[in-house]
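Index from 1, following the sequence. What you are looking at is a predicted structure, and each value in this text was computed from that prediction instead of being measured.
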Amino acid sequence: MPLPQNSIPRIGVFGGMGAIAGSAFYYKLTLGFQGRREESQPMVFLLSDPTVPRRDKSVEIALENRKPLGFINKILKGLAFFKAQNVDFIVVPCNTFH
């Protein structure tokens, strides 16, 4: 769904699963708006949560036809945070998460 013209996007960045990846993404995002007025830049909500259970172990659990409940519950809490912030979309700078 496209944003209304003149609307400032609200972006959720779900990081912390490798804190450097989240902060590097945010840095690159801000560079993309260099030279623009502050008022026209996106509103960014960065959730850096290093307590999300390991993604590789969660994949192994899922491959054993079990639900990685710790991972699922943590992700759902993060998504609830972004929903409360009314973000337009969420990015997850973590390869294993995808």
Which donor-acceptor pairs under 3.5 Å do side chains of residues 19-31 form with protein atoms, sequence neighbours excluded?
| unit_1 | atom_1 | unit_2 | atom_2 | d |
| --- | --- | --- | --- | --- |
| S23 | OG | A19 | O | 3.2 |
| S23 | OG | I20 | O | 3.1 |
| T30 | OG1 | Y26 | O | 3.4 |
| T30 | OG1 | Y27 | O | 2.6 |

Extract all donor-acceptor atom pairs below 3.5 Å that involve side chains of residues 67-80 and protein atoms in other chains or at least two apart in sequence.
| unit_1 | atom_1 | unit_2 | atom_2 | d |
| --- | --- | --- | --- | --- |
| N73 | ND2 | L69 | O | 3.1 |
| K74 | NZ | D49 | OD2 | 3.3 |
| K74 | NZ | T51 | OG1 | 2.8 |

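Checked against the 6.0 Å centroid criterion, the rings of F14 and F82 qualify as a close aromatic pair.
Residues S40 and I8 are not in side-chain contact: their nearest non-hydrogen atoms beyond the backbone lie 4.5 Å or more apart.
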Evaluation steps, side chain to side chain contact (heavy atoms under 4.5 Å, CB included), between L47 and V13: CA-CA 6 Å; L47 174 59; V13 179; over 6 Å; no
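Annotation: salt bridge (charged side-chain N to carboxylate O under 4.0 Å, His left out) contacts of R37 (sequence neighbours excluded): E39.
Interatomic distance, F33 CZ to Q41 CD, rounded to the nearest 0.5 Å: 7.0 Å. Note that CE of M17 and CZ of R54 are 14.0 Å apart. Values are rounded to the nearest 0.5 Å. To the nearest 0.5 Å, atoms CD1 (I90) and CZ (F81) are separated by 10.0 Å.
Minimum heavy-atom separation, I11 to V87: C-CG1, 4.1 Å. When all heavy atoms are compared, the tightest approach of G16 to S48 is CA-OG, 3.4 Å.
R10 places a side-chain N or O within donor-acceptor distance of the main-chain N or O of Q85, the cut-off being under 3.5 Å.
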